[in-house]
Each structure stands twice: as structure tokens, then as C-alpha cells.
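I have placed the structure first, in the form of C-alpha cells, so that the comments after it can refer back to it.
Naming convention: chains lettered A, B, ... in sequence-line order (proteins, then strands); numbering from 1 in each chain. The figures here come from the full heavy-atom set of this structure, side chains too, leaving out hydrogens, waters and symmetry mates. Bear in mind that the values here come from a model prediction, so they are computed numbers and not experimental data.
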Protein chains: 2
Amino acid sequence: MVVDELRDADLDRLFQAFADATRRDIVTRVTAGEYSVSRLAEHYAMSFAAVQKHVAVLERASLVTKEKRGREQIVRAHHDGLQRARRLLDEYETIWRQRADRIADILAEGEEAL
Amino acid sequence: MVVDELRDADLDRLFQAFADATRRDIVTRVTAGEYSVSRLAEHYAMSFAAVQKHVAVLERASLVTKEKRGREQIVRAHHDGLQRARRLLDEYETIWRQRADRIADILAEGEEAL
DNA sequence: CTCATCTACAACCATTTGGTTGTAGAATAA
DNA sequence: TTATTCTACAACCAAATGGTTGTAGATGAG
């Protein structure tokens with residue numbers, strides 16, 4: 001029962017993008033300020049090309065955008081992606097909490113029955 | 001600058017676990033009620049072993065727990081994992097919002113200067 | 001006891017992922 | 001112009017991922 005294949009693929013990309021410490025760090029950095037790809041690359045013990053790939057993953061997940069400025073490519077946070085991820089986790093938590101509440105109710109009923 | 005390798009690995013596992021539609025669906029189901037592994041497997045177009053692996057991934061990510069009951073293994077949601085994920089995304093959003101506020105302030109200062 | 005059910009786990013396979021090096025183009029600096 | 005910087009992208013590689021089938025051990029039902 002695949003409800004929405006497109007949305008599923010989007011979420012796959014979104015969470016996959018977060019599933020790497022380097023990429024999470026990139027998100028943190030570009031959320032706090034402006035970075036070109038090469039400036040980002042200075043901070044990691046890996047090749048420029050590897051960082052470039054990480055940025056590409058974040059871009060496909062709609063978590064960052066790139067904007068050309070001269071010969072540089074400026075990476076910026078794209079807030080929408082973050083919001084989508086949070087909203088989904090909120091949904092899960094809401095469902096969970098409803099369940100916990102239901103259990104609490106059942107327990108309360110049980111006490112009344114005593 | 002790896003701040004906390006253990007925490008990083010935890011988060012890797014956590015988001016990786018969410019990066020698959022089947023696993024997200026499993027989380028939804030076990031959040032709403034009790035399922036044995038084989039009852040979960042009924043809902044997906046894949047082998048029992050595959051579902052077993054998905055559950056194992058969720059377990060390693062501390063998103064679900066398994067509890068033996070007779071010959072069945074009951075899968076339950078483990079709320080802490082969800083909370084951790086949400087908290088991190090909250091942090092990102094907080095940072096982002098602070099940045100947005102700072103920009104707003106700068107723009108406001110600019111208007112005063114006019 | 002015997003049979004069916006539920007689970008665990010190994011072995012295997014194709015694809016993806018995360019890294020590398022190398023080449024080439026575009027924009028800036030001297 | 002020439003050299004340097006920043007980026008893009010291809011080709012390659014090892015390891016992880018997501019699936020399969022098959023085997024075997026526990027447990028419950030008849």
C-alpha cells in the first residue's frame with residue numbers, strides 16, 4: 001500500500017541527506033552563514049570533490065540551494081526541507097502521544113471499575 | 001572537528017533508519033499498535049527476512065524495541081529515538097530562525113539609518 | 001509426538017554510497 | 001596573456017544497503 005510514491009522518494013532523500021555527520025555539519029554551517037563550496041571543503045578531512053558530492057546530496061534533498069556568484073558557488077540553507085522533516089516527526093510523535101493517552105484512559109477506566 | 005563521534009554514529013543510524021519508506025511505515029504501524037514481525041511482514045511485498053532486517057535497522061537506531069512473547073517477537077515503538085531526531089531538527093530550526101531574526105534586525109537598522 | 005508457525009541467521013547478489021584521482025572549463029588576479 | 005582559483009564531472013574502488021533463498025531452532029496446536 002504505497003500511498004504516495006513521490007512523497008516517499010522525497011522523504012527518502014531528505015532523511016538520507018541527514019544520515020551523514022559531514023552533511024549535518026554542512027547544514028549547520030550554511031544555516032549560520034554563507035559558504036562557497038571550497039570554503040566548506042576547508043573544514044573537512046576529505047577531498048573537494050567529496051564535499052561537492054555531499055552538497056549535491058543536500059541539494060537533491062532540497063535542504064540547501066546553490067547560487068553562482070562570480071566563480072564561486074554559494075551554498076545556502078533551504079528552510080522548507082527542514083520544516084518538512086520536522087513536520088513528519090511531529091506527526092509520528094502526535095500519533096504516539098495519542099496512543100499513550102489512550103492507554104492512560106484505559107488505565108483510568110480500570111481504576112474506576114475497581 | 002568531530003564534536004562527538006558516538007552521538008554522530010547514533011544520529012547516522014537514526015536518520016538512516018528513517019530513510020526508507022517501508023521502515024517509516026513500520027514505525028507508523030507499531031506506533032499505533034502491537035505487531036509481531038510476521039504480522040508486519042504481511043503488509044509488504046517482500047520476504048519475511050527483508051522485513052526482519054528492516055526491524056533490525058529500526059532496533060539498532062533505538063526507534064523500536066522487540067519483546068519475546070511465546071514464539072512471537074512483538075515490535076513496539078521506542079519514543080526516545082523519535083524525540084532525539086525531533087530535537088536535532090528543532091536545533092537546526094532555532095539556529096535558522098536566529099539567523100533570520102538577525103537579518104531582520106540588520107534590515108531594521110538600515111531603515112533607521114535612512 | 002508431529003506438524004505448522006515464528007524467528008534467526010548465513011550466503012549470495014545487484015545497486016547505491018562515500019570516498020578517491022584526474023581532466024577540463026570558467027572566472028579572477030597579476 | 002598567463003597563472004591561479006573555483007567548480008563540474010567522469011571513472012574508478014571498497015563497503016554498505018536492500019533484497020533474495022535456504023537452513024535450522026523454538027514454540028504452540030492437534
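- Rounded to an integer number of Å, the gap from CD of A:Gln16 to C1' of D:dT17 is 9 Å.
- If you take CD of B:Glu67 and P of C:dA8, they are 13 Å apart, rounded to a whole angstrom.
- Within 4.0 Å of B:Thr22, counting heavy atoms only, lies no atom of the nucleic acid at all.
- Between A:Lys68 and B:Lys66, it is B:Lys66 whose nearest contact on DNA chain C lies nearer the 5' terminus.
- Computed from coordinates, the B:Arg69 CZ to D:dA26 C1' distance equals 17 Å when rounded to whole Å.
- Nucleotides of DNA chain D nearest to B:Asp20 and A:Ile74 differ in position, and the one nearer the 5' end is that of A:Ile74.
- Side-chain contact between B:Ile74 and B:Tyr35 is absent, with no heavy-atom pair separated by less than 4.5 Å.
- C:dG18 atom C1' lies 12 Å from atom CG of B:Asp12, rounded to whole Å.
- Atom CZ in B:Phe15 sits roughly 15 Å away from atom P in C:dG18 (whole-Å rounding).
- Listed pair B:Arg23 / D:dG18 meets the phosphate criterion, a side-chain N or O lying under 4.0 Å from OP1 or OP2.
- Atom P of nucleotide D:dA16 and atom CZ of B:Arg60 are separated by 12 Å, given to the nearest angstrom.
- Under the 4.5 Å side-chain criterion, counting only non-hydrogen atoms from C-beta, A:Val30 is in contact with A:Leu40.
- A salt bridge does not link B:Asp20 to B:Arg24: none of the charged nitrogens lies less than 4.0 Å from a carboxylate oxygen.
- Residue A:Leu58 contributes atom CG, which lies 14 Å from atom C1' of C:dT17 at whole-angstrom precision.
- Relative to the side chain of A:Arg71, the nucleotides D:dG19, D:dT7, D:dT4 differ in distance, and D:dT4 lies closest.
- Put simply, CZ on B:Arg39 is 15 Å from C1' on C:dT5, counting in whole angstrom units.
- The phosphate of D:dC6 (OP1 or OP2) has no side-chain N or O of A:Gln73 nearer than 4.0 angstrom.
- B:Ile26 is listed as a side-chain neighbour of B:His54, based on a closest heavy-atom distance under 4.5 Å.
- DNA chain C lies under 4.0 Å from at least one heavy atom of each of the following residues of residues 46-55 of chain A: A:Met46, A:Ser47, A:Ala49, A:Ala50, A:Lys53, A:His54.
- Put simply, the side chain of A:Asp10 reaches to within 4.5 Å of the side chain of A:Arg13, judged on heavy atoms.
- The aromatic rings of B:Phe15 and A:Phe15 sit parallel, their planes meeting at an angle under 30°, below the 60° perpendicular limit.
- Taking the side chain as every heavy atom from C-beta outward, B:Lys53 and B:Met46 never approach each other to under 4.5 Å.
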